[in-house]
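Accompanying notes for the structure given below.
Excluded from the calculations below are hydrogen atoms, water molecules and symmetry mates; all remaining heavy atoms, backbone and side chain alike, are included. Quantities reported herein were computed from a predicted structural model and do not represent experimental measurements.
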Amino acid sequence: MWKIKDLLIDSPTVVAPMAGVSNAAFRELAFNNGAGLVYTEMISDQALFYRNAKTLKMADIDDSFHPLALQLFGSDLSKMVAAAKYVDRFTNCDIIDINMGCPVKKVIKTGAGSALLLKPELAFKIVEEIVKAVKKPVSVKMRVGFTNEPFDYVGFARKLEACGISMLAVHGRTRSQMYEGKADWSKIKDIKAALKIPVVGNGDIKTVEDFKEKMAFSKVDAIMIGRGLIGNPFLLKEINNYLKGQKHYLVTYRERFDVCLKHFDKLIDLYGEDTAARQMRGLAPHYLNGLYCSARYRGLLNRIQNREDLKLLLNEYALFLDNYYCQEKGLGL
């Protein structure tokens, strides 16, 4: 149990904001597997300011799944404040998060995301004005630098705290690293030691062992997991079982395939079958990671056109695995 302002959170597992992934379908899977806090995809301040219909739908949050942080990105002070006011008044999210970590070029060129690390006075002013304008807790997600040149990440974090944020999430990479190399958890540890508010660490969490090691080393309040959950929301259940001292949760391949199909069904409900199929071409192969002889089926999943394609491929692969484990390994199903 940990706390962000007055918000109590049951589990120290936080699901990262991931563009094209962290929609309502994925968030439901995360909560069903025991996530403590889940983020939305990042949402543009400009799009909210001008009431873009698609963006308003992204900000429409299901009453059933909380606590949830809605993440805003932008660099225009007035529009960021206006967007935050809209989120505060017209959405039922629990936390308003400000993105200072996104490394992608189309975001950076607008001065948003991790580009705000290069304009600290603007970054602090945005935070200060949003905190004053809203009632919900405000958080920031940042990286530990823009380039690999020296950067006062602790001083930056302290100033954010002084501006009134209630929680800070830190990705242990610089913008220059993108998603390559290793996250530097010693810098996350430095920030945690310097701040009084909750600090969430992010980077390279793919297993329960990763969670245990990084939590013990950094002493953070919670661990944020991103790409390690794509195709593997069960990791959240495994971590929570460990925290409760319960038996290790072992997911079967048939359970993986069942959840994969349910994921597709939820995307169909959100976007229709054609759009859902396009998204699942990138998501479904991850559900097969680590399974015996999965390369062929991962390749075929990249070409699915509809739900029936996915169902048939998963059923075919499940039968193949049934046969392999029975005949070659002599194991039960």
Worksheet entry | Glu308/Lys311 ion pair, N-O < 4.0 Å | no
Distance-only donor-acceptor pairs under 3.5 Å for side chains of residues 222-231, two or more places apart:
none

Worksheet item: Do Asp258 and Lys262 meet the salt-bridge criterion of a basic N to acidic O distance under 4.0 Å?
Response: yes
Discussion item. Quick check against the 3.5 Å criterion: does Glu41 have a side-chain atom that pairs as donor or acceptor with the backbone of Gly20?
Written reply: yes
Worksheet item: Taking the six-membered ring for Trp, are Phe151 and Phe146 ring centroids under 6.0 Å apart?
Response: no
Discussion item. Holding to salt bridge (Lys or Arg N to Asp or Glu O under 4.0 Å), I want the full list of residues that pass it with Lys266, two or more places apart in sequence or in another chain.
Written reply: Glu28
Worksheet item: Would you call the rings of Tyr253 and Phe257 parallel, tilted or perpendicular if under 30° counts as parallel and over 60° as perpendicular?
Response: tilted
Fill in: pair Pro137-Met167: side-chain heavy atoms closer than 4.5 Å
no
Discussion item. Taking side-chain hydrogen bond (donor to acceptor under 3.5 Å, both in side chains) as the cut-off, I'd like each qualifying pair that reaches into residues 112-135, sequence neighbours left out, listed once.
Written reply: Lys125-Glu129, Glu129-Lys132
Worksheet entry | Donor-acceptor contact below 3.5 Å, side chain Arg143 vs main chain Gly113 | no
Response to the item:
Sorted by chain and number, sequence neighbours left out, side chain to side chain donor-acceptor pair (under 3.5 Å) with Lys85 holds for none
Worksheet, complete the sentence: Quick note, side-chain hydrogen bond (donor to acceptor under 3.5 Å, both in side chains) partners involving residues 234-248, not counting sequence neighbours, are Ser11-Asn240
Worksheet item: With no hydrogens and no angle check, do the side chains of Gln71 and Asn99 hold a donor and an acceptor under 3.5 Å apart?
Response: yes
Discussion item. One thing to verify: whether Lys192 and Asp221 come together as a salt bridge, which I'm taking to mean a side-chain N less than 4.0 angstrom from a carboxylate O.
Written reply: yes
Worksheet item: Among pairs that include at least one residue of residues 173-183, which meet side-chain hydrogen bond (donor to acceptor under 3.5 Å, both in side chains), considering only residues two or more places apart or in two chains?
Response: Asn148-Thr174, His171-Arg173, Arg173-Asp204
